[in-house]
Amino acid sequence: MRITGGRARGIKLKVPTEIITRPATDRMREAVFSSLGPSVQNCQVLDLFAGTGSYGLEALSRGAASVCFVENNRAAIKCLEINTTAVTRSCDLKKEVTRIVAQDVYSSQANLQKYDLLFIDPPYASIASNIGRIFTTVINNCSAKTTRAILEVPADLELQIEGWEPIRRIGKPGKGKPNVVIFSPTS
């Protein structure tokens, strides 16, 4: 797994040896960031269920101003710390442009500000039952009218989230395959 574009392109990302995360594939991240284009530049980014930090670090490599990662698994956090150091060094950025919040996503909203881009990659096993909770307890508290929420989901999962509209779906159909849905707040 590596950074696919921007200033840190080609930097390899460390992944935990235990199967505790489901990192976004290089191909999926490349498609997502191609879709987002230059709008990533100067954004404040939040990466929820960050795992190795692949989405947030890709955004940083492509010009985001800062990234806050929220993750509660210790092995993933260790990899995330190594990955943020490698990417910030490669981009010639200060380490302070990244922040790691080592907490459960649901208890971290009090520490969060407003963000331009929200990357959400929750465990697939609980996504259908928890997606409403993710948006009502976290996303709605850290989003503005221009925020875009980028949610990775199984391809066979269709979502309707109150207050948000899907503006694009990326990925192929098929059971078990990942898709990404980009949402924006409804006016």
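Numbers here simply count residues along the sequence, with the first being 1.
- A search for side chain to side chain donor-acceptor pair (under 3.5 Å) contacts involving Ser35 returns Arg168, not counting sequence neighbours.
- Taking OH from Tyr115 and SG from Cys43, the interatomic distance works out to 12.5 Å, rounded to the nearest 0.5 Å.
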Q. Between Leu48 and Leu46, does a side-chain contact (heavy atoms from CB on, under 4.5 Å) hold up when you go through it step by step?
A. CA-CA 6 Å; Leu48 296 172; Leu46 177 62; 3.8 Å; yes
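- Contact of the Cys68 side chain with the Val45 side chain is not registered, since no non-hydrogen atoms from C-beta on lie closer than 4.5 Å.
- Put simply, the side chain of Asp26 gets close to the backbone of Arg2: a donor and an acceptor are under 3.5 Å apart.
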Q | Asn72 and Gln103: CA distance, side-chain angles, deciding distance, side-chain contact (heavy atoms from CB on, under 4.5 Å) verdict | A | CA-CA 5 Å; Asn72 69 343; Gln103 286 184 322; 5.7 Å; no
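- Of all non-hydrogen atoms in Val32 and Ile170, the two that sit nearest each other are CA-CD1, 3.9 Å.
- Remark: side-chain polar atoms of Asn83 are paired, donor with acceptor, to backbone N or O of Thr52 under 3.5 angstrom.
- Both Leu157 and Ile161 sit in one connected hydrophobic cluster of ILVMFWY residues. Membership requires side-chain heavy atoms under 4.5 Å apart, directly or through other members.
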Q: Please report the C-alpha distance between Arg148 and Ser143 in whole Å, then the side-chain angles of each, then the deciding distance to 0.1 Å, and finally whether the side-chain hydrogen bond (donor to acceptor under 3.5 Å, both in side chains) criterion is met.
A: CA-CA 8 Å; Arg148 285 166 294 158; Ser143 61; over 6 Å; no
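- Here the CZ atom belonging to Phe183 is positioned 5.5 Å from the CG atom belonging to Leu151, to the nearest 0.5 angstrom.
- Not a single donor-acceptor pair under 3.5 Å links the side chain of Thr147 to the backbone N or O of Leu117.
- Heavy atoms of other residues, nucleotides or ligands lying less than 6.0 angstrom from NZ of Lys95 number more than 12.
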Q | Evaluation steps, side-chain contact (heavy atoms from CB on, under 4.5 Å), between Met1 and Ser54 | A | CA-CA 9 Å; Met1 196 165 86; Ser54 61; 3.9 Å; yes
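- Annotation for Ile77 and Ala102: closest pair CD1-CB, 3.6 Å, computed over non-hydrogen atoms.
- To the nearest 0.5 Å, atoms CZ (Phe49) and CG (Asp104) are separated by 7.0 Å.
- Between Leu80 and Ala50, the shortest heavy-atom distance links the atoms CD2-CB, 4.3 Å.
- Under a 3.5 Å cut-off, the side chain of Glu58 and the backbone N or O of Thr4 do form a donor-acceptor pair.
- For residues 5-16, there are no side chain to side chain donor-acceptor pair (under 3.5 Å) pairs, not counting sequence neighbours.
- The line from CD of Gln44 to NZ of Lys114 is 13.5 Å long, rounded to the nearest 0.5 Å.
- Of the N and O atoms on the side chains of Thr186 and Glu165, not one donor lies less than 3.5 Å from an acceptor on the other residue.
- Interatomic distance, Leu57 CG to Arg62 CZ, rounded to the nearest 0.5 Å: 12.5 Å.
- Nearest heavy atoms, Gly56 versus Asp47: N-OD2, 2.9 Å.
- With contacts defined as side-chain heavy-atom distances shorter than 4.5 Å, the pair Pro166/Leu159 does not qualify.
- Remark: the backbone N or O of Ala155 is paired with a side-chain donor or acceptor of Arg169 at under 3.5 angstrom.
- Scanning both residues, Glu71 and Asn73, for their nearest heavy atoms gives OE2-N, 3.0 Å.
- Remark: the backbone N or O of Lys172 is paired with a side-chain donor or acceptor of Asn179 at under 3.5 angstrom.
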When the side chains of residues 87-94 are checked against the rest of the protein, which donor-acceptor pairs come out under 3.5 Å, sequence neighbours left out?
from	atom 1	to	atom 2	distance (Å)
Thr88	OG1	Thr84	O	2.8
Thr88	OG1	Thr85	O	3.2

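- Interatomic distance, CD1 of Ile150 versus OH of Tyr55, reported as 9.0 Å (0.5 Å rounding).
- Considering only heavy atoms from C-beta on, Thr136 stays 4.5 Å or farther from Glu162 through its side chain.
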Q) Checking side-chain contact (heavy atoms from CB on, under 4.5 Å) for the pair Phe69/Thr98: CA distance, chi angles, key distance, verdict? A) CA-CA 8 Å; Phe69 301 92; Thr98 64; 4.0 Å; yes
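- Nearest heavy atom pair, residue Ile167 against residue Ser184, reads CG2-OG, 3.5 Å.
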